[in-house]
There are 2 protein chains.
Amino acid sequence: MFKRLSKYINILIKTKKTTIKDIANVLNISAAAVSKALHNDSRISEKTKIAVREVAEKLNYQRNHLASALRSGKSYLVGVIVPRTNSSFFSSVIQNIEEVLNKKGYNIIITQSNESYKKECDSIDTLLFTQVDGIIASMANETVDLSFYEKIKSKGIPLILFDRGENDLNVDYVGIDDYASSHLIVKHLAEQGCKRIAHIGGYKRTRIFNNRIRGYIDALKEHNLPLEEELLIECNLTIEDGRKYMLQLINLQDKPDAVYVAGDYAALGALQILKENTIKVPNEIALVGFGNEPFTAMVTPTISSINQHSEEIGKQAAERFLFYQNEKNIKQNLNKIILNAELIIRDSSKLT
Amino acid sequence: MFKRLSKYINILIKTKKTTIKDIANVLNISAAAVSKALHNDSRISEKTKIAVREVAEKLNYQRNHLASALRSGKSYLVGVIVPRTNSSFFSSVIQNIEEVLNKKGYNIIITQSNESYKKECDSIDTLLFTQVDGIIASMANETVDLSFYEKIKSKGIPLILFDRGENDLNVDYVGIDDYASSHLIVKHLAEQGCKRIAHIGGYKRTRIFNNRIRGYIDALKEHNLPLEEELLIECNLTIEDGRKYMLQLINLQDKPDAVYVAGDYAALGALQILKENTIKVPNEIALVGFGNEPFTAMVTPTISSINQHSEEIGKQAAERFLFYQNEKNIKQNLNKIILNAELIIRDSSKLT
DNA sequence: ACAAGTTGCTTAAACGTTTAACTAAATAAT
DNA sequence: ATTATTTAGTTAAACGTTTAAGCAACTTGT
């Protein structure tokens, strides 16, 4: 065996990669036996398994992922679609998905939709083309037509949604309790003595923003606070939107004494306007954001915000995917995993 | 042909995916002919090509990426390794790499090293295991041992480095002119009348930080400003480092009147300390960061910073990779593409 | 002692595509 | 008219792995 091995090591220097055939040749057994040995098949003796592993190690064998994926119909690749990666929330979700999946031998392919429906469709196409074993996605704001997502389902691979999901797709979803988060915020502001709480929110057509608005409305009622139409605004939650609508709010005859903004970027824009107009935060107007972006702790004053538990969302989404890998036929249903969110209270809402 | 086609469409409903064999059967030609037709081979008649394309469309054919990759030895996947994705610089570089490569039929697999050498090695292993056609990477701060990167080269696939590179690897590199950037900053500060310019930089062992330090030193000379040892600091450039070393600087007997910080996060920490100590920025101490992270335009005062041209870096890195795809044998040399950086002047260094 | 079961492999086909080598027919060149 | 060239394909092997089916050679049970 040693002669054979050293002979192969010499050949190896010239040739590119070691295959199971090379190992089989060294040990004078069949390639099939090697494959089984490496998969710890019960029909291979312990002695052979040890020998195979040893030679594989010596020859620096690496399984050809393409060949095994082709044969077994599994690529061990998972597609991840996010609106963008340069947000700490998505970046952290991705990192945790990767961590869980890598442990099980899966790799992830990340694509960014940039909040564009068209780019999202392209992403889905390329992921399907790459034969991913499943897709974990957070939908673009723009997306209303679900046909491309239906395409994923029709391919028979699992689809897991997180943060931005849609009930109509009837698949797994992982996210935080947006409705309860609004309650947390309103309760906190009410406890600080605020009476006129405004809400700069997202559009109702997006499920999560609808829930935040419902939560806001119901929580006002619970605390016996009036719901004023002029204090409830829907927008895209960009920095510019935050500026625009905060300006609108401070120009009201009857100003709010607190503003709950459904996104941190818009909250930042709102804060800029407040500072530019030398309105004291939080004493004149208190401010709360959503998402716990790192900059909320960096600006002056620091902005209170909701921590969305990105780590847990990433982990749970990955676990849901893995669940289906053990199932024979993938029959997905609407299955929501709702995590409790946490309100991080900072200077912008700590009344003195 | 129509009978054959409709028959196949019926079968399609039951079966999973269309293959070139299915197309071949419909048209009564060989699978090889179909393959060639789809690759626009000159030995196939125009008539056949059109027919093949038509049937492929009808049967909703999608090429099996695994099979073609296995056979042709190309996976059309490119690995991208970054220290992290939640920085606007890396996120934008990635987006531009993706844009260029998608157009040529490549997909990218993104992995994050989290600035950890160990995670970086794992990333390299999984990418090689996935049989990527090449790797585009920005090295972790920690990385000193280059053996894992040598492993990429030894596999015969191209390695392109950006931002954080190493001359010793003798591969392509795309980045900005760090040396000149320091000149831009020092010149700007000198023009504002600053006389004692400090530098909170990265560690000299990392090439880019070494260049920034060299640029700082040489630019001081050019403007006839003294180089004081106590004003030149090396660190990891985290927010905490920024705080720590700015505190050290303002406690000097002879305080600086300007601080050039080689990273935006550290610059932010530095700004926090200045504000906490009610030191007027920029009039008492002017501040310049590096990287043009979005928050530099969000904080008060806004922080001057260097725009690293992430779009261009991403595009050029992708182009370098594509260059090698047309070459027979990949023989890489040290080939640096150095882009001009741009100084964005904001409030933190605009003296009045 | 002999059927039945177990162990430890081997053989061969399959996954879907690409490609080198070949061929038959049509066309052009001498 | 004969040979050379071009055209438009075909055939078959290959990429590296997995896996169903098969088959000796043992071990058990009765």
Side-chain angles (χ1 to χ4, degrees), chain A residues 8 12 15-53 55-56 59-77 105 128-131 133 155-156, chain B residues 8 12 15-53 55-56 59-77 105 128-131 133 155-156:
Chain A
Y8 255 85
L12 229 191
T15 176
K16 286 242 147 179
K17 276 163 191 163
T18 314
T19 71
I20 52 171
K21 275 189 184 170
D22 297 324
I23 300 175
N25 277 333
V26 172
L27 295 170
N28 220 10
I29 58 177
S30 72
V34 174
S35 173
K36 286 181 183 162
L38 292 171
H39 283 85
N40 211 21
D41 191 295
S42 63
R43 305 293 292 272
I44 299 293
S45 71
E46 207 51 44
K47 204 193 292 178
T48 309
K49 283 181 190 169
I50 291 171
V52 165
R53 280 195 277 261
V55 175
L59 294 185
N60 201 16
Y61 169 75
Q62 284 221 132
R63 183 160 99 250
N64 184 319
H65 151 261
L66 295 171
S68 70
L70 174 61
R71 178 59 231 252
S72 62
K74 290 197 61 175
S75 68
Y76 284 94
L77 289 172
L128 292 178
F129 166 74
T130 316
Q131 318 264 112
D133 290 344
K155 291 273 172 185
Chain B
Y8 255 86
L12 229 191
T15 176
K16 284 243 149 183
K17 275 162 194 164
T18 313
T19 70
I20 50 171
K21 275 188 182 171
D22 298 325
I23 300 175
N25 277 333
V26 172
L27 295 170
N28 220 11
I29 57 178
S30 70
V34 174
S35 173
K36 285 181 183 161
L38 292 171
H39 284 85
N40 210 21
D41 191 295
S42 63
R43 305 297 290 272
I44 300 293
S45 72
E46 207 52 43
K47 204 192 292 178
T48 308
K49 282 180 189 171
I50 291 171
V52 165
R53 280 195 277 260
V55 176
L59 295 185
N60 201 15
Y61 170 74
Q62 285 221 135
R63 183 160 98 249
N64 184 320
H65 151 262
L66 296 170
S68 71
L70 173 61
R71 177 58 232 253
S72 63
K74 289 198 62 176
S75 68
Y76 284 93
L77 289 172
L128 292 178
F129 167 73
T130 316
Q131 318 266 110
D133 290 345
K155 291 274 173 184

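Each chain gets a letter, A, B and so on, in the order the sequences are listed, and its residues count up from 1.
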Could you tell me whether [X] contacts a base, only the sugar-phosphate backbone, or nothing, with contacts defined as non-hydrogen atoms closer than 4.0 Å?
X: B:S45; result: sugar-phosphate
X: B:L66; result: nothing
X: A:T19; result: sugar-phosphate
X: A:S68; result: sugar-phosphate

Please give, in whole Å, the distance from [N] [atom2] to [X] [atom1]?
X: A:K47; N: C:dT7; atom1: NZ; atom2: C1'; value: 13 Å
X: B:N28; N: D:dA8; atom1: CG; atom2: P; value: 19 Å
X: A:I44; N: D:dT17; atom1: CD1; atom2: P; value: 16 Å
X: A:L38; N: D:dT19; atom1: CG; atom2: C1'; value: 15 Å
X: B:H65; N: C:dT18; atom1: NE2; atom2: P; value: 11 Å
X: B:N25; N: C:dT17; atom1: CG; atom2: P; value: 13 Å
X: A:R71; N: C:dC15; atom1: CZ; atom2: P; value: 7 Å
X: A:K49; N: C:dT7; atom1: NZ; atom2: P; value: 12 Å

Testing B:V26, B:N25, B:V52 one by one against B:V34 for a side-chain contact (heavy atoms from CB on, under 4.5 Å), which residue passes? B:V52
The side chain of [X] lies closest to which of these nucleotides: [options]?
X: B:A67; options: C:dT17, D:dA12, D:dT17; answer: C:dT17
X: A:L70; options: D:dA12, D:dT18, C:dC15; answer: C:dC15
X: B:I20; options: D:dT17, D:dT10, C:dT17; answer: C:dT17
X: A:Y61; options: D:dT17, C:dT17, C:dT11; answer: D:dT17
X: B:S30; options: C:dT10, D:dC15, D:dT11; answer: D:dT11

What is the distance from atom OH of A:Y61 to atom CD1 of A:I23, rounded to the nearest 0.5 Å? 6.0 Å
side-chain N/O [X] vs [N] OP1/OP2, d < 4.0 Å:
X: B:T48; N: D:dG9; value: yes
X: B:S72; N: C:dT17; value: no
X: A:Y76; N: D:dT17; value: no
X: A:R63; N: D:dT18; value: yes

Do B:K17 and B:N64 meet the criterion of a side-chain donor-acceptor pair at a distance under 3.5 Å? no
When only distance counts, do a donor and an acceptor, one from the side chain of A:K36 and one from the base of C:dT10, lie under 3.5 Å apart? yes
When the nearest nucleotide of DNA chain D is assigned to A:R43 and to A:S35 on a heavy-atom basis, which residue is associated with the more 5' position? A:S35
Report yes if the side chains of B:T130 and A:L77 come closer than 4.5 Å at any heavy-atom pair, otherwise no. yes
Checking the side chain of B:H65 only, and the main-chain atoms of B:S75 only, is there a donor and an acceptor separated by less than 3.5 Å? yes
Restricting to ring-ring contact (aromatic ring centres under 6.0 Å, His included), what partner residues turn up for B:Y76, sequence neighbours left out? B:Y106
